[in-house]
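To find a chain, count down the sequence lines: A is the first, B the second, and so on, and within it residues start at 1.
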2 protein chains.
Amino acid sequence: MPAPQRAPTLVDVARAAGVSRATASRVLASNGYAAPHTRDRVTAAADRLGYVPDPAARALVRGTGVRLVMVVHGTSPRALDDPYVDQVVGAAARVCGPHGVGVALHWLPTRDLTQLRRLAEQRGVSGLILVNTTPSVLAAVPPALRGRVASLGVGSPLVASFDIDNGGGTAALVEHLYATGRRRIAMISGSRWLPCAGRSVRAYRAVMRAAGLPTRLVRGDFTADRGRAAAREVLARWPDTDAIVGASDTTSFGVISGLSRDGVQVPGDIAVTGFDDTPLAAMTTPSLTTSTHPVAGIATAAATAVLAGDAVRPPMLFPSRPVHRMSG
Amino acid sequence: MPAPQRAPTLVDVARAAGVSRATASRVLASNGYAAPHTRDRVTAAADRLGYVPDPAARALVRGTGVRLVMVVHGTSPRALDDPYVDQVVGAAARVCGPHGVGVALHWLPTRDLTQLRRLAEQRGVSGLILVNTTPSVLAAVPPALRGRVASLGVGSPLVASFDIDNGGGTAALVEHLYATGRRRIAMISGSRWLPCAGRSVRAYRAVMRAAGLPTRLVRGDFTADRGRAAAREVLARWPDTDAIVGASDTTSFGVISGLSRDGVQVPGDIAVTGFDDTPLAAMTTPSLTTSTHPVAGIATAAATAVLAGDAVRPPMLFPSRPVHRMSG
DNA sequence: TTGTAGGCGTTATCAA
DNA sequence: TTGATAACGCCTACAA
């Protein structure tokens, strides 16, 4: 038993199994030929020695990178200061260990989408996951990234999409409000430039039209502050409003906070719904009716696909399911 | 202009600068000698070519790993399902890119602390950051990790500590409650096994003793559900309680939710304080008085230290500053 | 089916 | 102060 401390390397395994490096490598990593008997001996030796391939060496020779970059698009670096981003990074970081890679977080300025090209060219980058994807971002994705880029949002023929069915989720909430007697339903939307926000708005419009009701739309930006202000705008323009659909939980927390400061009862006077099912949606008073999304599951799926180098498949739509609580 | 697509390598830089690989390497990475003139030429060439060292090659030859592992200690994998963990991972992921590494997330089961040894032996692991650190975890840290392990919590001679001044923060909150007239102050603590929870409890005890008041202590576990139940326990045992100090915001959200369901007014009847300044502490009704912590800053400091391979320094205590809102 | 040999991009140890 | 040169651990033609 020599080398007591050093981590076992491929040569150690090969020697222990009585084969050459190449054979051991073939069995352990590549899909090359190997006699069943040999295969067994090698895997047995690897297990016994607790062999773990060195990701650096592997990445070097294979030309694959060593880190998965989470690319968050936004106008300022503050785009990274978002619990949603953290959650997504956390989920990706969970699936990275076994692949011998890690997650890095990068802000992609709206002003300089060419950074995408630079990221793609970097050796060391095994793949990209796009967050807050817009059509312009998709357009800026260099072809060299094919097979190792995914989007948590809209996709393209080049970029695999792992998205939430915002339309369906919003529609379900609006229909729920209608079913519980609300008729003067307003919506506070998300940022104009985000495709997913557009889908929500369209769904809201569609349901209202189908019900023969007029729409009441105020632009928001996913922040609570804007939600608070927007709620007042709604009341100023349409004082008889009896429900407000927020584009995000955060928006709706702001809405409720603004309303209650103005002495408006929720849900007595106005019902409020959120979107996302933030952990604390269940904790507030009143608790927030919202739509829940398997965020971690989505990020996990995207990371797994990128790490596996899967071919681009048709967009994957994850469900948005309503959660009925006290606020609406 | 040959090789239009391939990322520039060290040879390219060397050739462009008219020096040898070794010299280029010395200038760009190591601290070796180089004539000022040479140095300039090499850096200029590197800039012009947009040279970025291949982290894999570097890690391979230097024996340094390629990922930073965030090790979260807990009894079940659900220890990873925590916004705090996500936030910490996100912060670390932000500082990783420039170093050519990424973050992986790993659950360290209380039952099997020997996993730490296995992690330490893995090539590919450049360093560890411990979360939810306990003395037993510290004891299980193998010496081989010296210089590349940090703890977000208690430390040891081997493990650098980046911690929050829970004691100071809690004391400030309790003193604030006292200053605003509360005298029958109860505390709902955190999990018994977490050192930081112990510090909070001690601080609470100390302030109460100094004020000549009896303590009212109920054990919590940082969850909202437990907070709700614990609030009722407090009321059952000490019906005249006029303030409750929660060990975490989540605990306190549960407390408030429980109290308001029982018709108790916050802060009218009972003041409630949290701990952590969760994003939504400001959004709830009533908004939560709590203590704020530079979590991202702490994680950033820890990650930076580990990536730099800093020597172990005395524990670094980050401030816990009270935020006065509506609940207390 | 297996082994030999060369190379991936860097760094570090020597001489020069 | 600089330049050859030998690793680092692994994969993959190619040859046997």
Give me, pair by pair, the N or O atoms of the protein and of nucleotides 3-5 of chain D that are less than 3.5 Å apart, along with how far apart they are.
residue : atom : partner : partner atom : Å
dG3(D)  : OP2  : S20(B)  : N            : 3.1
dG3(D)  : OP2  : S20(B)  : OG           : 3.2
dG3(D)  : OP2  : T23(B)  : OG1          : 2.5
dG3(D)  : N7   : R26(B)  : NH2          : 2.7
dG3(D)  : O6   : R26(B)  : NH2          : 3.0

Worksheet entry | Audit row: V42(A), L28(A), side chain to side chain contact (heavy atoms under 4.5 Å, CB included) steps and yes/no | CA-CA 8 Å; V42(A) 172; L28(A) 260 20; 3.8 Å; yes

Fill in: Worked verdict on Y51(B) versus L10(B) for side chain to side chain contact (heavy atoms under 4.5 Å, CB included)
CA-CA 8 Å; Y51(B) 169 73; L10(B) 189 57; 3.9 Å; yes

Worksheet item: Checking side chain to side chain contact (heavy atoms under 4.5 Å, CB included) for the pair L128(B)/L130(B): CA distance, chi angles, key distance, verdict?
Response: CA-CA 6 Å; L128(B) 262 45; L130(B) 273 24; 4.3 Å; yes

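Looking only at atom types and distance, the side chain of T114(B) has a donor-acceptor partner in the side chain of D112(B) under 3.5 Å away. Under 3.5 Å, the side chains of Q122(B) and R67(B) contain a donor-acceptor pair of N or O atoms.
For Y33(A) and dA16(D), the OH to P distance is 19 Å, given to the nearest whole Å.
Backbone-only engagement by A34(B) is indicated by non-hydrogen atom pairs under 4.0 Å involving sugar-phosphate atoms exclusively. L10(A) comes within 4.0 angstrom of the backbone, heavy atoms only, and of no base. Across all strands shown, S25(A) has heavy atoms under 4.0 Å from base atoms, whether or not it also approaches the sugar-phosphate. Residue A56(A) is classed as having no contact, given no heavy-atom separation below 4.0 Å to the nucleic acid.
At least one donor-acceptor pair under 3.5 Å links the side chain of N132(B) to the backbone N or O of H73(B).
Along DNA chain D, the nucleotide nearest to P36(B) and the one nearest to R62(B) differ in position, and the one closer to the 5' end is contacted by P36(B).
For DNA chain C, the contact window with chain B, defined by any atom under 4.0 Å from a protein heavy atom, covers dG9(C) to dA12(C) in 5' to 3' order.
Between L108(A) and the choices V72(A), V137(A), T133(A), the side-chain contact (heavy atoms from CB on, under 4.5 Å) rule is met once, by V137(A).
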